[in-house]
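Here's the structure we're looking at; comments come further down.
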Amino acid sequence: ALLFLNQLQKDLEEVKELLTKATRKRLRDVLMTEKHKLELEIKNQPPPKPKDAAEEEKSSLGGYTVKINNYGWDQSDKFIKIYISLNGVQKLPAENVQVNFTERSFDLLVKNLNGKNYTMTFNNLLKPISVEGSSRKIKTDTVLVMCRKKREEKWDCLTQVEKESKEKEKAAYDTSDPSEGLMNLLKKMYAEGDDEMKRTINKAWVESREKQSKGDVPMDI
């Protein structure tokens, strides 16, 4: 259910993005209809079950475990640097901040910070790292994870998943023809839409073709 909700939210973000680019009224109407439909579907999704929290509380670590989702990152020729903000982390004993590295991943565990444990996992790093050359540093309210690059080259993103996601988005929307991304969305909406949605899209298409054939306006969709 959570994965399906994430997909709905991504669809909604794309529709909003396309709305900022659409200039034709009928196309905007179609996109607005899809936007309202997605918002309603997201609103009606059942809340996620809190079983993860219950399982984490029972973990051998004791206390409540929080998964860290927010971070910043930077890079130099030799290192990928991930910055994780945790208030008061510098007050912990050094052994309470553990990082386990592999060639393409790392796990961070911060134990007993204000009564909670904090974890972060990065799998499928974009390129291999040196386990021996990687480390972590504890700074004021921040943990800095230093991943030593095996090759001194620039990384465009942190993980393979991010790279594949960017490539898909570029293929769908970042084209030389600005209307091509809109066409891709319209095809998807037509394939998945009900009869009313299909009629609306068909009508917009026919009217656009008629205007183009008369030379009134260039075809927008």
Side-chain angles (χ1 to χ4, degrees), residues 1-7 9-11 13-14 17 48 50-175:
L2 188 58
L3 182 61
F4 181 63
L5 180 60
N6 286 339
Q7 292 299 322
Q9 289 169 338
K10 286 181 180 177
D11 287 347
E13 287 170 9
E14 286 188 6
E17 175 67 22
K51 68 172 188 175
D52 286 346
E55 288 173 1
E56 286 171 344
E57 279 186 317
K58 294 175 184 175
S59 73
S60 59
L61 291 168
Y64 178 58
T65 299
V66 180
K67 290 182 180 178
I68 302 167
N69 294 313
N70 296 324
Y71 63 91
W73 74 285
D74 193 6
Q75 63 183 310
S76 63
D77 290 341
K78 295 182 179 180
F79 287 95
I80 292 290
K81 307 169 187 178
I82 295 97
Y83 299 85
I84 300 107
S85 295
L86 289 169
N87 287 337
V89 70
Q90 73 277 7
K91 298 173 185 174
L92 290 177
E95 61 269 20
N96 282 32
V97 181
Q98 303 169 1
V99 183
N100 178 47
F101 296 96
T102 75
E103 192 175 69
R104 294 294 287 271
S105 73
F106 72 82
D107 293 285
L108 167 69
L109 171 62
V110 179
K111 294 193 287 186
N112 196 23
L113 177 59
N114 300 322
K116 297 177 183 177
N117 306 303
Y118 293 83
T119 65
M120 170 180 268
T121 301
F122 268 90
N123 292 316
N124 300 312
L125 290 170
L126 186 65
K127 300 176 189 291
I129 62 173
S130 164
V131 174
E132 300 79 17
S134 299
S135 61
R136 60 102 179 101
K137 294 180 179 178
I138 302 170
K139 298 177 175 291
T140 304
D141 299 332
T142 303
V143 175
L144 170 59
V145 179
M146 305 278 290
C147 299
R148 177 67 185 252
K149 297 177 180 179
K150 277 212 167 178
R151 294 178 60 186
E152 294 184 14
E153 56 187 332
K154 183 182 177 184
W155 290 24
D156 294 326
C157 49
L158 278 180
T159 65
Q160 191 66 31
V161 174
E162 282 181 68
K163 181 186 177 186
E164 290 169 4
S165 176
K166 284 183 179 180
E167 285 174 350
K168 283 180 184 176
E169 285 179 17
K170 187 173 182 181
Y173 302 113
D174 187 15
T175 63

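Note that the structure is a prediction, hence the values are computed from the model and not measured.
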Are Leu126 and Glu162 close enough, and set up right, to give a side chain to side chain contact (heavy atoms under 4.5 Å, CB included), and what steps lead you there? CA-CA 8 Å; Leu126 186 65; Glu162 282 181 68; over 6 Å; no
Just by modelled atom types, is the Val161 backbone N or O under 3.5 Å from a matching donor or acceptor in the Ser165 side chain? no
Could you tell me the separation between the CD atom of Glu14 and the NZ atom of Lys10, rounded to the nearest 0.5 Å? 9.5 Å
What distance do Arg136 atom CZ and Leu108 atom CG have between them, rounded to the nearest 0.5 Å? 9.5 Å
Listed partners of Ser105 passing side chain to side chain contact (heavy atoms under 4.5 Å, CB included), at least two apart: Thr102, Asn123
Going by the rule side chain to side chain contact (heavy atoms under 4.5 Å, CB included), which residues pair with Glu164 if we only count those two or more places apart in sequence or in a different chain? Gln160
Does atom NZ of Lys127 have more than 12 heavy-atom neighbours, drawn from other residues, nucleotides or ligands, at distances under 6.0 Å? yes
Check the surroundings of atom CG in Asp74: do more than 12 heavy atoms from other residues, nucleotides or ligands lie under 6.0 Å from it? yes
So, using side-chain hydrogen bond (donor to acceptor under 3.5 Å, both in side chains) as the criterion, who are the partners of Thr142 when residues are at least two apart? none
Does any non-hydrogen side-chain atom of Thr119 lie less than 4.5 Å from one of Thr121? no
Go through the structure and list residues passing salt bridge (Lys or Arg N to Asp or Glu O under 4.0 Å) with Glu17, not counting sequence neighbours. Lys21
Kindly state each residue pair satisfying salt bridge (Lys or Arg N to Asp or Glu O under 4.0 Å) with at least one member in residues 77-88, sequence neighbours excluded. none
Phe106: partners by ring pair (Phe, Tyr, Trp, His ring centres under 6.0 Å), with sequence neighbours left out: Phe122
Mind listing the side-chain donor-acceptor pairs of residues 144-158 below 3.5 Å, one per line with the distance, residues two or more places apart or on another chain?
unit_1	atom_1	unit_2	atom_2	d
Lys149	NZ	Gln75	OE1	2.8
Lys149	NZ	Ser76	O	2.9
Lys149	NZ	Glu153	O	2.8
Lys150	NZ	Glu103	OE2	2.7

What side-chain donor-acceptor pairs closer than 3.5 Å can you find for residues 86-100, not counting sequence neighbours?
unit_1	atom_1	unit_2	atom_2	d
Gln90	OE1	Asp141	N	2.8
Asn96	ND2	Lys111	O	3.0
Gln98	NE2	Glu95	O	3.1

